[in-house]
Structures are given as C-alpha cells and as structure tokens.
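To keep things clear, I will list the structure first and then write my remarks on it.
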Amino acid sequence: MQLFSANLLALAVSLASASVQLAIYLATDSMTSYASSITTVWKWAYDPVVAPVSVSGTSTAVVNGMYNGGHATRTSVIPKNNPNLLVVLHGSNANLDMPSQDVKTARAAVKVFNMTAVPSSGYNYVSQGWNAGYGLRNEVSLTFYGNNMAYKTVQTTCPRVVNGQSTDIHIDNPAEELNYFGNISAPDTKWYGYPVCFTLVQAPNAAFNDDTCKAQSSPPRLSYQAHSAPLDAEFMPGSNKLFVTFHGSWDRKPPMGYKLVWIPFCIIAAGPYEPVAPASSNTGHTDILKNPNQTNCAAGCFRTVGTAV
Ligand SMILES: *[C@@H]1O[C@H](CO)[C@@H](O)[C@H](O)[C@H]1NC(C)=O
Ligand SMILES: *[C@@H]1O[C@H](CO)[C@@H](O)[C@H](O)[C@H]1NC(C)=O
Ligand SMILES: *[C@@H]1O[C@H](CO)[C@@H](O)[C@H](O)[C@H]1NC(C)=O
C-alpha cells in the first residue's frame, strides 16, 4: 500500500460513486497520482499546494487493456528508487486459469511500464511493458526492500489428484507464498508455477510432478499457512521486519489467518535481503495482532487489510 492524503481520499470516494473499482497510489515525487480500475490505470497531476485533486481534472490512461473479470485488484506500485517505473499486478481470471500458463496472456502476472515515455493512448497491458514474473494466481501486494529488490505475497489455491484418485487436502494446502522478485528494472519471465505447480503439485502427471515443477518453476522464498489470505506487505524502514496482513480464510474449518504478522529479515553478504527462516519453514513469522479465538471468524473478528509506513 502506498499512502495517500485526505485530498486523494476524496478522489477515491468520488470515483467509487462512478462505480469504478480502484486503488490510489501517490508517486514518490508527490506530484503524480495513479488510480487503477480492473481494466485501466490512470494518472492525474497532483499538486500538494493547489490540492485537492479533482476528478474533473485531466486524467490520462497510462495502462489499459487489462482483463475485465476474475481476480480484480490491479495493485500498482512505484519503486522508491525508480519512480519512473510503474509495476502493475494482474491476477488470474478464475480459480485455475489454465491459459495463463502462456506468458503472452499477461494474466497471473506482474508487468512493468516506463512512465517517462507513455504512448499517447497508454500502454496495452498485454502486449507492451515488460514482465517481472508470471504464474502468480492472485497477487495483491508487492514491496521493495532497502536495496530496491522486490518481494511479493500471493494467494494460491487446491484437491490433490494422484492416479485419478482425488483427495481433499485443501485445509492445509497449498501454502500461501512470499516470492522474491529481485530487480524489476530488467525484464524477467521467471515462472512461479501457477496454475499447476504449487508448494505441492495438484495433479501430478508426466509433464508436471514434484520433480519437474522443482526444475521449471521458481519456488516461494517462504510459505504461509494455507487460506491465510495475505493481502499487503510493507517493510519497516531501518528495521529488519516485513509486516504482512492476513485477511483470513473463507474456505477453511477451523478458520485461519485474521492477523498481522512480521517476518524477520537479514542482510546476507553480497546478496539480497532474505527472510531469516529457511524456505522450508512454516513458522517463519511472528504474530503481532490476532484475534484471541478464531473459532467463529469471520463473525466478530477483525480482518487486517492494508499496512503503511
Ligand atoms: C525509461 O525511458 C526513458 C526514456 O526513454 C529511458 O531513458 C530510461 O532508461 C527508461 N528506463 C528503463 C528502466 O527502462
Ligand atoms: C537492475 O537492472 C538495471 C537494468 O538492467 C540495472 O541498470 C541495475 O544496475 C540493476 N540494479 C541492481 C541493484 O542490480
Ligand atoms: C472459542 O469460541 C468457541 C465458539 O464460540 C467456543 O466454543 C470456545 O470455547 C472458545 N474457546 C476459548 C478458548 O475461549
């Protein structure tokens, strides 16, 4: 989440009444605001002196052509050390979006657009910009550590089918993920495994099984309890903590999630910042805020959504 002022909040309210689903992001130069709907990202000039921003002010579509359906958030992030870039996250069109295995569909993907040279009609999400990774079912947040490298949280899905035998394993599978993206300034078509390779393989066959998935897809850097529904992630500047909001499950008994956690990080010599816990850990985080009794969640429980510094 990127912080926005009360003036931009007014913009959100008035756009919402025009039935546009949106999120608002203030560029790090504080002079540009971006808002995304399911299909389009717009920008407005934002002058903190002349504020408030008005919806009737001139807006320009900077990215369009995004899929009009499915997982609907189109989170946009501006890297702090690279404010000319806009990173736009695009979820899948269904629980299992099989065509998204082809990077050219540009769904379940993350793409990057250079805001210094926007085409007059805006970038087409599918055919322009560059990839920062794909095979990510429902990614909602992406954040940068001090070295400007990106981490993101992803919600995954499941039953497991082995030799035609279906077993319901959805209570604890597949895990939610924290993925390391690295340098989004350069094109990268790393595949993170969705819709076939999760922390376990849903329906192992000759093409996709535990071994081939290991070889072809980039594994998460850390896994969380299935159905926790991570929504937002934010590093606390100057600290070694990544805060993550878990919105909580709708499809699990007993319910799970419904809390704010932090993940301790460390700086490794000559390398990226890394979670302290090894990738195989499922206890790599510390609870900060949680409901004392989750048995009847969501009724009566708080659900964490966004976090900002
Ligand atoms: C963005 O576009 C500008 C102008 O064309 C160019 O100078 C700059 O190198 C580009 N940045 C990236 C990361 O591609
Ligand atoms: C990221 O990639 C860009 C473009 O290739 C390069 O100029 C920059 O040095 C890289 N940054 C890091 C920290 O590796
Ligand atoms: C948690 O809530 C459930 C349902 O209201 C209740 O049955 C149970 O006793 C509670 N557990 C504790 C430890 O309070």
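It should be emphasised that the depicted structure is a prediction, and the values quoted were computed from it without experimental measurement. Order of listing sets the numbers, starting from 1, for every ligand and every atom in it.
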Check your understanding: Which ligand 2 atoms does Asn183 reach within 4.0 Å, using its non-hydrogen atoms?
Key -> 1 (C), 2 (O), 3 (C), 8 (C), 10 (C), 11 (N), 12 (C), 14 (O)
Practice item. Pull out every atom of ligand 2 sitting under 4.0 Å from any heavy atom of Ala186, numbered as shown with elements. Key: 5 (O)
Check your understanding: In this structure, which one of Thr245, Leu260, Val305, Thr75 forms a side chain to side chain contact (heavy atoms under 4.5 Å, CB included) with Asp232?
Key -> Thr245
Review point. Judged by non-hydrogen atoms, does Asn84 sit under 4.0 Å from ligand 1?
Key: no
Practice item. State the atoms of ligand 3, each with its element, that fall below the 4.0 Å cut-off from a heavy-atom position in Asn296. Key: 4 (C), 5 (O)
Practice item. Below 4.0 angstrom from a heavy atom of Asn293, which ligand 3 atoms are there? Numbered from 1 as shown, please. Key: 1 (C), 2 (O), 3 (C), 8 (C), 10 (C), 11 (N), 12 (C), 14 (O)
Point to revise | Protein non-hydrogen atom below 4.0 angstrom of atom 2 (O) of ligand 1 present | key: yes
Review point. Is atom 14 (O) of ligand 3 close to the protein, meaning a heavy atom under 4.0 Å from it?
Key: yes
Starting from [atom], locate the nearest protein heavy atom and write down its residue, its atom name and how far away it is, to 0.1 Å.
{"atom": "atom 4 (C) of ligand 1", "result": "Thr116 OG1, 3.7 Å"}
{"atom": "atom 10 (C) of ligand 1", "result": "Asn114 ND2, 2.4 Å"}
{"atom": "atom 5 (O) of ligand 1", "result": "Ala117 CB, 4.2 Å"}

Check your understanding: Yes or no on side chain to side chain contact (heavy atoms under 4.5 Å, CB included) for Trp262 and Asn240, after CA distance, side-chain angles and deciding distance?
Key -> CA-CA 9 Å; Trp262 83 43; Asn240 60 348; over 6 Å; no
Point to revise | Mutual orientation of the aromatic rings belonging to Tyr224 and Phe246 [parallel < 30°, tilted 30-60°, perpendicular > 60°] | key: perpendicular
Exercise for review: Look at the aromatic rings of Phe235 and Phe265 and report parallel, tilted or perpendicular, splitting at 30° and 60°.
Suggested key: perpendicular
Check your understanding: Going hydrophobic residue to hydrophobic residue with side-chain gaps under 4.5 angstrom, can you get from Val118 over to Leu86?
Key -> yes
Practice item. Decide whether Trp42 and Val126 are clustered together by the hydrophobic rule: side chain heavy atoms of Ile, Leu, Val, Met, Phe, Trp, Tyr closer than 4.5 Å, transitively. Key: no
Point to revise | CG-OG distance between Leu85 and Ser185, expressed to the nearest 0.5 angstrom | key: 5.5 Å
